[in-house]
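Order of the sequence lines sets the chain letters (A, B, ...), proteins ahead of strands, with each chain counted from 1.
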There are 2 protein chains.
Amino acid sequence: MANELKNDTYSEEYQRILPVVNRHSRLPLHQQIYDLLRSKILNSAWAVGEMLPTELELMVEFGVSRVTMRQVFERLVSEGLIYRQQGRGTFIAKPTLEQGLTRIISFTEDMRRRGLIPETNVLAAEITPAADEVADALKIKPGDNVAFIKRLRIANAEPMCIEESHLPYKLCPGILKFDFASQPLREVLEKRYAIRIVRALQKTHAVVTTTKTAKLLGVPHPSALLFIERVSFNEWDLPVEFLCLYFRGDRYTLHNELRD
Amino acid sequence: MANELKNDTYSEEYQRILPVVNRHSRLPLHQQIYDLLRSKILNSAWAVGEMLPTELELMVEFGVSRVTMRQVFERLVSEGLIYRQQGRGTFIAKPTLEQGLTRIISFTEDMRRRGLIPETNVLAAEITPAADEVADALKIKPGDNVAFIKRLRIANAEPMCIEESHLPYKLCPGILKFDFASQPLREVLEKRYAIRIVRALQKTHAVVTTTKTAKLLGVPHPSALLFIERVSFNEWDLPVEFLCLYFRGDRYTLHNELRD
DNA sequence: TAGTGGTCTAGACCACAAA
DNA sequence: TTGTGGTCTAGACCACTAA
């Protein structure tokens with residue numbers, strides 16, 4: 001779609017280099033096609049509201065049956081990435097609500113979706129022995145080494161959130177040498193340590209500021225904070241991060257959609 | 001397949017009075033079967049962890065193809081009601097996290113899932129003119145009549161939440177005659193006014209108690225509350241309820257699961 | 001009327017679990 | 001070996017939208 005401007009009639013063929021599915025892969029066809037379409041959608045290959053190719057076109061493109069193609073579409077619909085209208089077509093959905101409460105997204109992405117400009121200050125980055133609560137969440141022994149990274153998250157030049165990450169140091173030795181003001185933690189975990197976070201469990205509470213947190217966040221004391229504790233897991237369901245988030249109650253709101 | 005009662009060895013046929021699907025209904029087969037299985041699961045027709053009938057058995061029972069049956073199972077899986085294991089079978093999932101943040105469930109159901117005993121005191125039930133904020137949420141004119149119901153929600157004899165419901169009075173005339181200490185509001189809406197809530201949008205904040213709310217909830221002032229504003233919609237996407245929930249921050253936590 | 005998605009079928013082969 | 005769920009196919013008919 002980008003380059004490859006050829007002057008013959010086969011130019012459409014030339015453009016399809018990657019999107020071919022592999023029938024001998026261990027991955028099911030529907031999974032391969034899903035991965036491909038999802039990443040294209042997330043990378044804005046189509047604009048919001050734009051119509052996607054029809055079922056028939058994609059069946060031909062990928063060489064699969066209609067049922068398989070529909071399986072992919074149904075999954076994308078259920079995840080809110082696309083919507084379909086009988087007789088009209090399939091369209092890119094507005095990226096909106098629900099994510100952030102169902103999807104793991106970074107602070108940076110979260111703020112951008114809200115139309116705010118994110119920044120980060122690293123307040124601490126050190127190796128510490130795991131406290132009982134941290135050890136419990138990460139399923140390690142109390143006293144085991146933990147990489148502790150504390151960051152102040154800023155939106156439109158105003159403090160928004162204090163974020164404390166605890167990682168089992170065994171899993172990511174040397175991780176503190178990276179600069180987490182500029183580099184997303186998840187990216188470093190994925191690219192440098194081959195740790196991919198696929199699932200997380202979180203608890204959301206309301207708490208009152210301590211004098212310290214109030215000062216850091218620049219809010220009066222006492223005021224209310226949204227406090228989120230999150231344990232993230234890799235593909236083998238091993239805990240890889242224990243995260244504590246303290247959001248300003250006066251600035252930050254969680255949005256989501258419920259269904260019957 | 002429905003009637004046809006003959007006097008012979010077909011006693012199994014006699015037993016299946018309700019679960020027969022209607023091929024002439026405007027509802028698709030998969031929807032009918034889904035509704036049926038879902039309500040059986042929610043009514044604990046099977047215990048947690050118990051195996052459901054196999055695809056083949058249900059195909060025969062409902063007289064549908066495998067694809068249709070699988071469509072139903074996939075939906076139930078994606079909603080977390082069941083899980084499947086290749087080579088073993090299909091099982092009832094533990095009712096757990098995620099709901100309450102993705103599903104609309106009542107306070108009563110929420111508390112029961114947490115193993116607590118719920119009670120309700122009605123603090124107010126009156127007709128009032130809609131304030132701007134309420135009118136805005138319900139898409140009515142400021143000053144229009146609104147049914148206002150304020151309840152104190154109790155769990156294990158301790159106050160847990162203050163709940164303020166605002167309903168357009170036009171949609172539910174006479175609703176205040178019901179006793180909302182004993183009767184779920186959603187049930188009254190559905191059975192008496194044919195109003196079915198299918199979708200809701202909510203915002204979750206952290207706020208500090210007022211002296212009044214602190215007193216009602218029996219918590220020190222100031223302390224933190226989880227404050228949830230929810231607008232609920234019927235099947236035609238008409239706002240039917242604006243709800244404000246104030247949960248004790250020290251007792252109430254939202255749990256949920258995130259995926260990548 | 002043509003094109004789109006919605007529903008449904010019958011049948012095949014494979015992978016995995018348990019006996 | 002048997003029974004379960006997982007994947008995939010080709011083909012049919014219907015309902016809705018837009019021209």
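What separates CZ of A:F73 from P of C:dT4 is a distance of 11 Å, to the nearest Å. Between A:E57 atom CD and C:dT4 atom P there is a gap of 6 Å when expressed in whole angstrom units. Separating the CG atom of B:L52 from the C1' atom of D:dT4 is a distance of 13 Å, rounded to the nearest angstrom.
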Table of protein N/O atoms under 3.5 Å from nucleotides 7-11 of chain C N/O atoms:
from, atom 1, to, atom 2, distance (Å)
C:dT7, OP1, B:H30, NE2, 3.3
C:dT7, O4, A:R66, NH1, 3.3
C:dC8, OP1, B:L29, N, 2.5
C:dC8, OP2, B:L29, N, 3.3
C:dC8, OP2, B:H30, N, 3.3
C:dT9, OP1, B:R23, NH2, 2.9
C:dT9, OP2, B:S65, N, 2.8
C:dT9, OP2, B:S65, OG, 2.9
C:dT9, OP2, B:T68, OG1, 2.7

Are there any protein N/O atoms within less than 3.5 Å of an N/O atom in nucleotides 16-19 of chain D, and if so, which ones and at what distance?
from, atom 1, to, atom 2, distance (Å)
D:dC16, O4', A:Q86, OE1, 3.4
D:dA18, OP1, A:R88, NH1, 3.4

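When the side-chain hydrogen bond (donor to acceptor under 3.5 Å, both in side chains) test is applied to A:N145, no partner is found at least two apart in sequence or on another chain. Here B:F180 pairs with nothing under the ring-ring contact (aromatic ring centres under 6.0 Å, His included) rule; sequence neighbours left out. For the side-chain hydrogen bond (donor to acceptor under 3.5 Å, both in side chains) test, residues two or more places apart in sequence or in another chain that qualify with B:R84 are B:E55, B:T90. Listed by chain and number, the residues in a side-chain hydrogen bond (donor to acceptor under 3.5 Å, both in side chains) with A:Q86 amount to none (sequence neighbours excluded).
For the residue pair B:Q31/B:R75, the side-chain donor-acceptor check at 3.5 Å is satisfied.
With B:L245 as reference, B:E163 is the one residue of B:E163, B:E229, B:Q202 to meet the side chain to side chain contact (heavy atoms under 4.5 Å, CB included) rule.
Taking side-chain N and O atoms only, A:T90 has a distance below 4.0 Å to OP1 or OP2 of C:dG5.
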